[in-house]
Structure formats: C-alpha cells, structure tokens
Engineer: 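Okay, here's the structure, questions in a sec.
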Amino acid sequence: MTDAAALPGQPRGGVLSGPATARAVNVLAPNASAMTLDGTNTWIVAEPDSDLAVVIDPGPLHEGHLSNVVDTAEKAGKRIALTLLTHGHPDHAEGAARFAELTGTRVRALDPALRLGDEGLGAGDVITVGGLELRVVPTPGHTADSLCFHLPADRAVLTGDTVLGRGTTVVAHPDGRLGDYLDSLRRLRSLTVDDGVHTVLPGHGPVLEDAQGAVEYYLAHRAHRLAQVETAVEDGYRTPAEVVAHVYADVDRSLWPAAELSVRAQLDYLAEHGLI
C-alpha cells in the first residue's frame with residue numbers, strides 16, 4: 001500500500017465528510033462516479049464563533065443531499081447566509097437554485113446565468129460573512145468560469161475542479177483552454193509561495209495537506225502530457241481519438257471521452273504556439 005504522504009499533495013486519509021479545517025466542513029454528495037471520484041464535496045465555511053455560514057458548491061439536484069447540507073449547518077448552530085459556485089458544471093451547480101429556495105440565500109457565481117441575485121464574483125472580490133473572509137481567485141482553464149476561494153485564516157484554498165484531491169482534472173475543451181489553465185496553476189502556486197497556503201479543499205476527493213506539492217505535480221503532469229501529445233502528432237497520430245488511444249493507453253477506457261477533451265485543448269495550445 002502506498003503511503004498517502006508520498007502521493008502528490010499528501011492526501012488526507014479517513015472519512016471525506018466532516019470537519020477539514022477550523023472553518024471548513026465537507027458534506028459529500030452521493031454522486032460518486034469515474035468522473036466525480038467519491039462524489040462532489042459541498043463545503044460549509046464559517047468562523048467558529050459565528051452563527052452565519054457560506055456554502056460553496058451545493059452539488060447535484062439531490063433533495064437528500066441538499067437537506068443534509070442544511071441540517072449539518074443547523075446542527076452546528078449556523079444559518080446559511082450565502083451560496084457560492086466554483087463553476088457551472090452540474091455536479092457542482094445543478095442543485096444551487098433549489099438550495100437557494102431551501103435557505104433563502106443568494107447564489108453568486110462568475111457566470112451571470114448561474115446567479116440568483118444582483119451580485120456576481122470577480123477577480124479581487126473579498127467576501128465577508130459573519131467575520132469570515134474569502135478571497136476570489138479567478139482560475140479559468142477547467143472551464144472558462146472556474147474560480148477558487150482563498151481562505152486566509154486557515155491557509156487554505158477551495159479549488160473546485162481546478163485541483164482535485166486525487167488524480168488530475170480535465171481541461172473541458174472548447175470552454176476550457178490549456179493556456180488559461182497553466183496560468184491558473186501558476187496563480188495557485190503563487191498563493192502557496194507568497195500567501196502561505198498549504199491546504200487544498202478540492203471539489204472532489206480528499207483534502208490535500210501539501211498545496212504547493214499538488215500544484216507542482218499538476219504543472220509537471222501537464223508539461224509531460226503536452227510533450228507526449230506533440231510527439232504523437234509528429235509520429236503521425238492526427239485526430240484527437242488517435243492521440244488519446246496512443247497517449248492514454250494506460251488509462252481506463254471509460255475515461256477516454258474526458259481525456260479527448262483535454263487532448264483537443266492540448267492540440268489547440270500546440271497549434272496556437274506554432275508547435276504542430
């Protein structure tokens with residue numbers, strides 16, 4: 001068995017649901033799959049002595065899960081005052097409108113189509129609720145509307161699908177773009193170097209204790225895959241499907257459709273930079 005501390009980002013073992021930091025509690029959605037890992041992590045974030053909480057990514061439209069999020073907050077003596085979205089994929093955002101009905105909250109997101117209320121989210125925004133401070137970090141790449149939330153008091157960052165607790169994420173072409181994604185990873189690396197962030201609270205999978213190690217692994221992985229794709233094209237593999245079958249031969253075939261999205265993004269990136 002591999003020691004978790006030796007894995008990229010040092011994933012935390014044990015049960016995924018429950019307290020993760022002094023201010024963040026995870027409620028795991030029952031939507032496990034090859035793409036969502038153990039399920040979507042719905043985060044309840046609040047100051048320990050406050051009766052107000054923020055929920056990040058209510059998850060799928062699953063009444064039991066949404067009720068469980070509300071009940072978990074109430075049992076901790078907290079009222080949900082605001083809902084935030086890291087991005088618009090259904091496993092993170094489909095339940096947001098119903099959750100807003102249950103809690104009477106606004107929904108803030110980068111994409112106007114996902115918002116309930118007048119306020120959106122953008123670079124440099126600082127969200128304060130009940131003494132809690134969350135800083136908005138734009139991280140396009142997985143999708144164009146992807147955001148992360150920096151939680152300075154816990155030296156943590158909530159990453160949605162930009163960094164996962166296990167494995168690597170998909171650059172969801174054509175909405176997602178590889179160049180944007182690499183810039184976003186570098187932005188997160190700056191948080192670990194300049195702002196002391198050491199914990200990743202991901203949208204799927206376990207908490208990571210070594211944020212810098214996780215981001216460095218992602219950057220190295222992307223560089224390696226990009227080089228493989230470039231070589232595959234040079235060797236005569238032309239279509240995205242051909243490149244996937246060659247480069248991702250060691251990956252579960254059920255994941256090949258998702259891998260093809262990343263390959264399309266990689267091919268676009270190589271073409272934009274005159275490398276193929």
Side-chain angles (χ1 to χ4, degrees), residues 9 19-26 40-50 52-58 73 78 80-89 92-93 96 105-112 114-165 169 180-204 207-216 218-219:
T21 67
R23 292 165 180 81
V25 174
N26 181 30
T40 300
N41 294 334
T42 293
W43 292 100
I44 302 172
V45 189
E47 283 296 314
D49 59 353
S50 173
L52 299 179
V54 175
V55 164
I56 298 172
D57 289 351
K78 301 184 186 299
I80 297 165
L82 180 64
T83 302
L84 304 175
L85 298 177
T86 61
H87 65 298
H89 278 166
H92 293 258
T105 60
R106 297 164 294 144
V107 177
R108 294 180 64 180
L110 179 61
D111 184 348
L114 300 171
R115 301 172 190 168
L116 290 175
D118 296 331
E119 289 186 283
L121 293 170
D125 285 353
V126 178
I127 299 159
T128 56
V129 174
L132 178 76
E133 179 182 298
L134 288 167
R135 300 175 184 172
V136 178
V137 183
T139 49
H142 170 65
T143 60
D145 70 329
S146 288
L147 300 169
C148 292
F149 298 99
H150 178 200
L151 178 55
D154 283 348
R155 297 172 64 193
V157 60
L158 296 108
T159 56
D161 282 357
T162 299
V163 174
L164 305 178
T169 200
D180 291 342
Y181 186 62
L182 294 174
D183 288 343
S184 293
L185 290 176
R186 296 182 188 108
R187 192 170 298 121
L188 290 177
R189 181 172 58 187
S190 294
L191 283 182
T192 70
V193 174
D194 300 330
D195 295 278
V197 166
H198 62 66
T199 302
V200 171
L201 305 176
H204 303 279
V207 172
L208 300 178
E209 306 281 11
D210 176 16
Q212 184 173 351
V215 175
E216 294 287 1
Y218 265 58
L219 284 165

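Note that this is a predicted model, so its numbers are computed, not measured. Note that the numbering runs from 1 along the sequence shown for the chain.
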Engineer: With sequence neighbours left out, what residues match Asp125 under salt bridge (charged side-chain N to carboxylate O under 4.0 Å, His left out)?
Structural biologist: Arg108
Engineer: Would you please name every residue forming a side-chain contact (heavy atoms from CB on, under 4.5 Å) with Leu110, sequence neighbours left out?
Structural biologist: Asp145, Leu147
Engineer: Which pairs count as salt bridge (Lys or Arg N to Asp or Glu O under 4.0 Å) when at least one residue sits in residues 132-144, sequence neighbours excluded?
Structural biologist: Glu133-Arg135
Engineer: Restricting to side-chain contact (heavy atoms from CB on, under 4.5 Å), what partner residues turn up for Asp210, sequence neighbours left out?
Structural biologist: Gln10, Gln212
Engineer: Checking Leu116 now: which residues fulfil side-chain contact (heavy atoms from CB on, under 4.5 Å) with it, not counting sequence neighbours?
Structural biologist: Ala97, Ala100, Val107
Engineer: Kindly state each residue pair satisfying ring pair (Phe, Tyr, Trp, His ring centres under 6.0 Å) with at least one member in residues 144-165, sequence neighbours excluded.
Structural biologist: none
Engineer: The criterion is side chain to side chain donor-acceptor pair (under 3.5 Å); which residues satisfy it with Thr162, sequence neighbours excluded?
Structural biologist: Thr139
Engineer: Listed by chain and number, what are the side-chain contact (heavy atoms from CB on, under 4.5 Å) partners of Ala20, not counting sequence neighbours?
Structural biologist: Arg12, Trp43, Leu201, Val207
Engineer: List the residues meeting salt bridge (charged side-chain N to carboxylate O under 4.0 Å, His left out) with Asp180, not counting sequence neighbours, and say none if there are none.
Structural biologist: none
Engineer: Going by the rule side chain to side chain donor-acceptor pair (under 3.5 Å), which residues pair with Thr21 if we only count those two or more places apart in sequence or in a different chain?
Structural biologist: Asp154
Engineer: Who passes salt bridge (charged side-chain N to carboxylate O under 4.0 Å, His left out) against Asp183, sequence neighbours left out?
Structural biologist: Arg186
Engineer: Among residues at least two apart in sequence or on other chains, which ones pass salt bridge (charged side-chain N to carboxylate O under 4.0 Å, His left out) with Arg187?
Structural biologist: none
